[in-house]
Amino acid sequence: MKRAFAIIARAVVAVLGGYALSAGLSAALAVTLPLVSSLPKSESVLLASMLGFVIYLLVLLWVLVERRVVLVLAVLGGGALLSSGVAYWLSPLLAATQLAGG
Amino acid sequence: MGERTPSLRQSYSAVHTWAGVVLGGVLFAIFFMGTLSVFDREIDRWMMPGTRLPDAPAAISIDRQVRPLIAQLAAADKQWSVSLPTERTPTLLVRYQDAEGKNVSRHVDPSTGTAIADQGTLGGTGFIFPFHFRLHLSWLDLGLWLVGLAGMAMMLLLVTGVIIHVRIFRDFFTFRPKKPLQRSSLDLHNLAGVLGLPFHFMMALSGLVIFFSLYMPWTWKAAYQGDNAAFTADTFGNFRRPALKAPGSLGSIDALVAEAERRWGEGSRASFVRIANPTDAASVVEVRRSGSKEVSLSREQIYFDGASGQLLSTYESKPVARVQRFLSGIHFTQFDDWALRWLYFLGGISGCVLIATGLLIWLESRRKQHAREGLAGVRVVEAIAVSAVPGIMVATLAFFIANRCLPAGASIASEGRADLEMWVFYIVWLGTFADAWLRARAAWRDQAWTIAALAPLAVLANWLSTGDHPLRALERGVPVVAGMDALLALTGGVAFWTARRLGRASVPARSAQRTPAVLATAPGGERHA
């Protein structure tokens, strides 16, 4: 019973937490790239989205075999929060620079 | 299981097993329907006999062949569109909204300009293809999300499969069909996996990439502040403008198509034309370019003012967008190349074999242990595996036979003919699950025999209902119908061979004595070495 719980818990954390981290990282990338380079917004969105799937795969490959539970939760939770925070706060900045013709 | 921490390889082996057992059934359904979808338009010709026309004439006139039909059948002020004939689709496909506001699509014979009678079926493009990416679970987009999860799981399974596969090069050349089921399944699993590895991985990744705006939406939501219209306009060149609410006339569409083809360059063809707000002064004619000579799903389009023919907007994709279109094109296979199409079909079959043998390996390696310990695992997974693998094939064959046997205009309790065909599919599928649950291991044999019987029946049903037996189909200039019959016959043959072999293999005691090393497995043990 304990083993079943452990397996299900790991799967849920990996699938949902990994998705949250990948989504956050790709969103942050999508917003940051046009601000620091000459890459147009649409190109940045496409690149970040496609990379998002690859990032998710790599995260899954790590989380599913990593034994240090605290590390996994910290990286997934902290990383998702941090990266989506970056995306959230930079988003209006990107809109402003685009309007200004930046 | 001792207290020793499992090695990395053992951990990945557990991941591979769990992901495979939990999602194997869904993955097979996706891969099976996907493999059929490679020939979805050919399946359409088989399921819609009215569209079994020889190749369309080279010169198509939308003004002469489509506009009179639209004037007659469609609500005048609503958007309508026409897909031009291709090498694989000999008809014009017209989409419009009728007077009652219902969306209608009709095939039109390009040599006569007459609408072909409603075939009363969804066909390959309407049932089999959408099943592949949506599982017909539209509620809350559950189907799309499940397929997305399965796509990620597929990549995970492939990578972990390589990690746990030690002798990957030596096993490349090993296939021992005469050995007991578990050993030959493993050989076939490894072979299908290794041979098709780039294909399987690219199909999973490209499938996800197609739907990036659904699966990874926070990229465009963050970059475009949630403005979807701005995002699609920027990224895909979608152009729209509001109606002026003043009457207007529509000029020659053929002239606009010709102008678009001139702009795109020598040898380019239009594939699709859409008219927005046709009776308005601000009508827009969208002409889309055919990408049938290339892999990429390029979708370049030009927008014209409907009345004056003035150019409103063109779209040329940027570098990263071209990568996304190329990856989408790799998955969508809309190119005109038969050799490549057949390779995709064979690749898809290898993927189906990969997933099916994976499930078989798990079942055979756990069977004795679960029976001994009274665990339900094997029984449940077996029921799912049997209905997912031979079961879905039985249901699809029943679907084809119903398509040929249901009378035109058939209807039961307001479910039209197309809906009735789907009912047949789902009821038969449920039946295969019941068979699997009740008969357990014997169900594999039951359903192999059922496939062996239904497949030639489908060929017969086509012959009797349309008169297009293979030789006549070739004579009439519709070889794809003969092709479908041939594949059905081949399926029946393989199912027959499998059923015979399963019948012989159901003498487990003797083979167990001969090869105890293979059949006796440690709990949770996989023999991937």
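Just the heavy atoms: all of them, side chains too, but no hydrogens, waters or symmetry mates, feed the values below. All chains are named by letter (A, B, ...) in the order of the sequence lines, taking the proteins before the strands, and each is independently numbered beginning at 1.
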Most contacts with chain A, counted as non-hydrogen pairs under 4.5 angstrom, among [options]:
options                           : value
A19(B), P319(B), S11(B)           : P319(B)
T160(B), V320(B), L156(B)         : V320(B)
M216(B), K221(B), M155(B)         : M216(B)
F231(B), F236(B), W18(B)          : W18(B)
L208(B), V323(B), D234(B), V15(B) : L208(B)

Quiz item: Can you tell me if T219(B) and S49(A) form a side-chain donor-acceptor pair at under 3.5 Å?
Solution: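 The answer is yes; a qualifying pair exists.
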Does any heavy atom of chain B fall under 4.5 Å from the side chain of [X], the backbone, both, or neither of them?
X      : answer
Y88(A) : neither
R67(A) : side chain
L33(A) : neither

Practice problem: Answer yes or no: is there a side-chain heavy-atom contact under 4.5 Å between Y224(B) and V45(A)? | Solution: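 Sidechains of V45(A) and Y224(B): in contact.
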Quiz item: Of the listed residues (L39(A), L90(A), I7(A), L29(A)), which shares the most heavy-atom pairs with chain B below a 4.5 Å separation?
Solution: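 Ranked by heavy-atom pairs under 4.5 Å with chain B, first place is I7(A).
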Self-check item: Top contributor to chain B interface from L60(A), L47(A), V31(A), L61(A) [non-hydrogen pairs under 4.5 Å]
Solution: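 Of the candidates given, the most pairs with chain B belong to L61(A).
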Roughly how far apart are [X] [atom1] and [Y] [atom2], rounded to 0.5 Å?
X       : Y       : atom1 : atom2 : result
W220(B) : L46(A)  : CH2   : CG    : 13.0 Å
S317(B) : E43(A)  : OG    : CD    : 8.5 Å
F53(A)  : Y215(B) : CZ    : OH    : 8.0 Å

Closest heavy-atom contact between [X] and [Y]?
X       : Y       : value
A30(A)  : A223(B) : O-CB, 4.5 Å
Q225(B) : P92(A)  : NE2-N, 3.4 Å
M152(B) : L57(A)  : CE-N, 3.6 Å

Quiz item: Can you say whether V209(B) sits under 4.5 Å from chain A via the side chain, the backbone, both, or neither, judging by heavy atoms?
Solution: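 V209(B) touches chain A through backbone and side-chain heavy atoms alike.
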Quiz item: Judged by atom type as modelled, is there a donor-acceptor pair below 3.5 Å linking the side chain of S42(A) to the main-chain atoms of T235(B)?
Solution: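 Such a contact is absent between S42(A) side chain and T235(B) backbone.
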